[in-house]
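Every heavy atom of this structure was used, including side-chain atoms; hydrogens, water molecules and symmetry mates were not. By convention here, the first residue in the shown sequence is residue 1. Just so you know, ligand 1 is whichever comes first in the structure, and atom 1 is the first atom listed for that ligand.
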Amino acid sequence: MEQGKVPGWNEIERMIQNCRRCGLCEQRHSIVLGEGNRQAEIMLVGEGPGADEDAQGRPFVGKAGQLLDKMFSAIDMRREDLYITNVVKCRPPGNRTPLDEEAHACLPILRMQYALIRPKIVVCLGATATRHVYNPEARITRVRGQWLSKNGTFFLPTYHPAALLRDESKKKDVWEDLKSIALKYTEIKGNQ
Ligand code: URA
């Protein structure tokens, strides 16, 4: 993600109000920008709001979100330590994967969030975030757990918590990724 001239948070909020840049606007109830610590060193990027998030206007508040909170509390991190957002800010109907055109319409917002937060670590939760944030060619099963450094920020793909709810066998790999995130964070803190 590139950093150019960056609008502030108020401007971003103004830009997305009544957004009609893609078809997801037709059925949404909320635009879920993201939440957490805007000075966080760790940014989490999911796919897009689900039904609970669309109803409440907050990211990761449903079952997957509860698991996400548990995962990060296992490495002693709470929501207040993180910034959490998604590739698309409006719910894809039926929780389908966002289309490329929907993701591309919304990615400028994610880039602006990234440029304002300037996180040291970006965790891509699942295949969609991995493809749109880490590497368009990447397959989550191949690249999970592999750090990529771009312009001083470290990017890590891991499984989406919803995938863990469907397949418990993925938990072992995600636990390795969480330990790796904790270690990277400690290293970064040590170098500051
Ligand atoms: N799944 C996501 O990818 N994002 C959310 O905010 C909730 C569920």
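The closest protein non-hydrogen atom to atom 2 (C) of ligand 1 is G48 O, 3.1 Å. Nearest protein heavy-atom contact of atom 4 (N) of ligand 1 is N86 OD1, 2.7 Å.
Residue contacts with ligand 1, taken as heavy atom pairs separated by less than 4.0 Å, involve E47 via backbone and side-chain atoms alike.
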Return all side-chain donor-acceptor pairs below 3.5 angstrom for residues 16-27, not counting sequence neighbours, or 'none' if the list is empty.
{"from": "R20", "atom 1": "NH2", "to": "E26", "atom 2": "OE2", "distance (Å)": "3.1"}
{"from": "R21", "atom 1": "NH1", "to": "M15", "atom 2": "O", "distance (Å)": "3.4"}

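The number of heavy-atom neighbours closer than 6.0 Å to CZ of R96, taken from other residues, nucleotides and ligands shown, is above 12.
Interface atoms of ligand 1 facing G46, defined by a heavy-atom separation under 4.0 Å, are 3 (O).
Residues satisfying the side-chain hydrogen bond (donor to acceptor under 3.5 Å, both in side chains) test with D81, not counting sequence neighbours, are none.
Ion pair R28/D54 not flagged as a salt bridge, since none of the NZ, NE, NH1 or NH2 atoms sits closer than 4.0 Å to an Asp/Glu carboxylate oxygen.
Put simply, no part of G65 is less than 4.0 Å from ligand 1, judged by heavy atoms. Distances from ligand 1 to the non-hydrogen atoms of H160 include at least one value under 4.0 Å.
Considering backbone and side-chain N/O atoms, P59 never comes within less than 3.5 Å of an N/O atom of ligand 1. Considering backbone and side-chain N/O atoms, P49 never comes within less than 3.5 Å of an N/O atom of ligand 1.
Between the side chains of N95 and R91, at least one donor N or O sits under 3.5 Å from an acceptor N or O.
Shown here for V133 and V122, the closest heavy-atom pair between the two residues is CG1-CG1, 4.2 Å.
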